[in-house]
Amino acid sequence: MTQLMGRPLLEVPGELGGRPVLADLLAGVRTALVGLALVGVPVLGLWIATPYADSDAAGATRLAGALWLLGHGAPVLRGGADAPLTLTPLLLGALMVVRLYRAGAGAASRRGLRSRWGGPVAVWTGYCAVAVGVVLHCAGPGPFRSRVLPDLLVVGLLAGLSTAAGFRSVRPETAFARFLRSVAVGTGSWFDRLPPDWRPVGGMPAVCRAAAAAGAGLVAAGGLLVAGAAVLDAVTGGGRGMALLGRGPAALSGLLLLTVLLLPNAVLWGAAYALGPGFEVGAGTLVSPGGTELGAVPEFPLFALLPQEGPGGWRLAVLLLPLLAGLVPAVLLGRAAAGRRSPVGAGPWTPAATAVAALAAALLLGAGAAALGWLSGGALAAGRMARLGPVPWRTGLAAAGWLAAVAVPGALLVRHRALGPAGVECADAAECADAAECADAAVCADGVECADAVEQAETVEGPVDARSPAGGTAGLVRPVPGRGVHARLTVPVRRRALELRARTHALVRRLSGQRGPTG
């Protein structure tokens, strides 16, 4: 009885072993209210802390609702002129997506034997019911006003996709794995149309990993640029950003809150800057390594980090960051081309197939960069401030070009180093560098190390002259023809090390009373 009384009523299983639909409906309502509280509580707190607020509590709640809608990517009108406001705070949007994803996953794990789509549909319905109330509340007059139909469509689309992804993640195959498999199937059919020598067999997972690694490198480059700009502004730039924060506790808290919410946008803008095309801060402006053209910009801490107007100069050095970001994808593709992670029986790729895989990764990265550039930008008002952020097609084209320029030759070089001069992998999965120490595969195949072979030869035939062109163990450590300059320089050092180890081991055996294998 105690267990039954302590259990929430809505958690009691239904007739078919799952929770009732009302529980999932309320779960969607709770998810929306928690997200709304994450925005509304700070806004109401700032309104209370402001000594002479211009609006009442209803105005503060409308502002919180407008920010909540902006977090979903929904457009909002600003001011009496109904200027469009479409700049989405990506951090707030990510929080909404995570909340919806977890709600969909929770509904799927507790659905029992009910209808397949009963849980996520109920969660989505509850979430959209709260969105309807927020949109209608913000539709009245005020500094920020919602657009009823577009806002409901955008919120409903984002909530449906996130909830469905969370619902599918509970199944044995995760949503990300299904996405990769669908991309692999769609792109694999395109690969199948290529000639056999140009076809990277089973290479789509490696292509996706390489594109993801390149994207992570570009995001890290953007974050590094934002952090460096903040440090330079604080040290040598007169602290323009810090000067904007010294306007009282309420203004300081509000600016810091907006700065944190827009920080992912700034990181993506920094990545577009590192790629070369840069971004816009208003119509007719450009911020890029080649030069900066700015007019009057709003007073905001992130805008204070923008470089001064004029030619790029030393700022062109940031173009090295995309080169560094392409090194890891080149290594991943090169190792996959050598057959290290290819399916059983696939074998190494040809150089043409390796180049095709690198170009496919570049195209995938370009599409992702264009999409993120579009999501990170928007408008602050009509007229001049109607264009902020990177130009999507330029950013995507630059990302694809940089990765192709680095990954194609880099992957070919890694493949060549991994396969060796003959174009095949070393026997017994040995590294090609180790094969330079044991060029005679017949001796190593017997399970005898090269040092032991040197020792045995010395015991039987006397001291070995490793420089002798014939006989003994000189053939075991000679430079392999066709090796690069690095191998030709290191082989003599390795040969001396092997001789020293063999002689030391032979001396230890003599002192211990052991005899050679022919003694």
task: Could you tell me the separation between the OG1 atom of Thr61 and the CG atom of Leu36, rounded to the nearest 0.5 Å?
output: 9.5 Å
- request: Return the minimal non-hydrogen interatomic distance between Cys128 and Gly156, and the atom names on each side.
  value: SG-CA, 4.0 Å
- prompt: So how far is it from Leu324 CG to Leu218 CG, rounded to the nearest 0.5 Å?
  reply: 10.5 Å
task: Inspect the surroundings of CZ in Arg387 and state if more than 12 heavy atoms from other residues, nucleotides or ligands are less than 6.0 Å away.
output: no
message: Do Leu225 and Leu321 have side chains that approach each other closer than 4.5 Å (heavy atoms only, starting at C-beta)?
response: yes
task: Look at atom CZ of Arg102 and say whether more than 12 heavy atoms of other residues, nucleotides or ligands are closer to it than 6.0 Å.
output: no
field: Rounded distance (nearest 0.5 Å) linking atom CG of Leu100 with atom CZ of Phe167
entry: 15.0 Å
task: May I have the step-by-step check of side-chain contact (heavy atoms from CB on, under 4.5 Å) for Leu91 and Leu263, ending in yes or no?
output: CA-CA 7 Å; Leu91 180 59; Leu263 191 59; over 6 Å; no
Rounded distance [0.5 Å steps], CG in Leu305 versus CZ in Phe300: 10.0 Å
task: Considering non-hydrogen atoms only, spot the tightest contact between Pro42 and Ala37 and give its length.
output: CD-O, 4.0 Å
- request: Please tell me if the side chains of Thr395 and Trp393 come closer than 4.5 Å, counting only heavy atoms from C-beta onward.
  value: no
Test side-chain contact (heavy atoms from CB on, under 4.5 Å) applied to Val123 and Leu25, step by step: CA-CA 5 Å; Val123 172; Leu25 186 67; over 6 Å; no
message: If you define the side chain from C-beta out and look only at heavy atoms, does anything of Pro143 sit under 4.5 Å from Leu63?
response: no
Distance in Å, Leu38 CG paired with Met96 CE, rounded so as to fall on 0.5 Å steps: 6.5 Å
query: Is there a donor-acceptor pair under 3.5 Å between the side chain of Asn265 and the backbone N or O of Leu90?
result: yes
- request: Check Thr292 against Pro307 and note the closest heavy-atom contact, atom names and distance.
  value: OG1-CG, 3.5 Å
- prompt: Once you round to the nearest 0.5 Å, how far does CG of Leu333 lie from CZ of Arg209?
  reply: 9.0 Å
message: Is any side-chain heavy atom of Pro84 closer than 4.5 Å to one of Pro75?
response: no
query: Below 4.5 Å, heavy atoms only, C-beta onward: do Leu77 and Leu85 meet side chain to side chain?
result: no
task: Answer whether the closest heavy-atom distance between the side chains of Leu323 and Leu320 falls below 4.5 Å.
output: yes
- request: Using the side-chain contact (heavy atoms from CB on, under 4.5 Å) rule, take Leu158 and Val154 through it: C-alpha gap first, then chi angles, then the decisive distance, then the call.
  value: CA-CA 6 Å; Leu158 180 66; Val154 173; 5.5 Å; no
query: Under 3.5 Å, is there a donor-acceptor pair between the side chain of Ser376 and the main chain of Gly373?
result: yes
Selection residues 132-146 - residue pairs positive for salt bridge (charged side-chain N to carboxylate O under 4.0 Å, His left out), sequence neighbours left out: Asp82-Arg145
- request: Specify whether Phe303 and Trp269 have parallel, tilted or perpendicular ring planes, treating 30° as the upper limit for parallel and 60° as the lower limit for perpendicular.
  value: parallel
field: Check: Arg384 side chain, Ala296 main-chain N or O, donor-acceptor pair, under 3.5 Å
entry: yes
- request: Locate the shortest heavy-atom distance separating Trp349 from Thr354; write the atom from each residue and the value.
  value: CB-OG1, 3.8 Å
Donor-acceptor contact below 3.5 Å, side chain Asp24 vs main chain Pro120: no
Nearest non-hydrogen partners of Gly282 and Met385, listed with the distance: CA-SD, 4.3 Å
- prompt: Shortest non-hydrogen contact from Ala330 to Ala407?
  reply: CB-CA, 4.0 Å
- prompt: Below 4.5 Å, heavy atoms only, C-beta onward: do Tyr127 and Val155 meet side chain to side chain?
  reply: yes
query: Just one of Val281, Leu388, Val297 clears the side-chain contact (heavy atoms from CB on, under 4.5 Å) bar with Leu380, so which one?
result: Leu388
message: Run the side-chain contact (heavy atoms from CB on, under 4.5 Å) test on Phe279 and Thr285 for me, step by step, so that the C-alpha distance in whole Å, both residues' side-chain angles and the decisive distance to 0.1 Å come before the verdict.
response: CA-CA 8 Å; Phe279 54 90; Thr285 64; over 6 Å; no
message: Side chains of Ser146 and Val76, heavy atoms from C-beta outward: is any pair under 4.5 Å?
response: no
- prompt: Which residues satisfy the side chain to side chain donor-acceptor pair (under 3.5 Å) test with Ser288, sequence neighbours excluded?
  reply: none
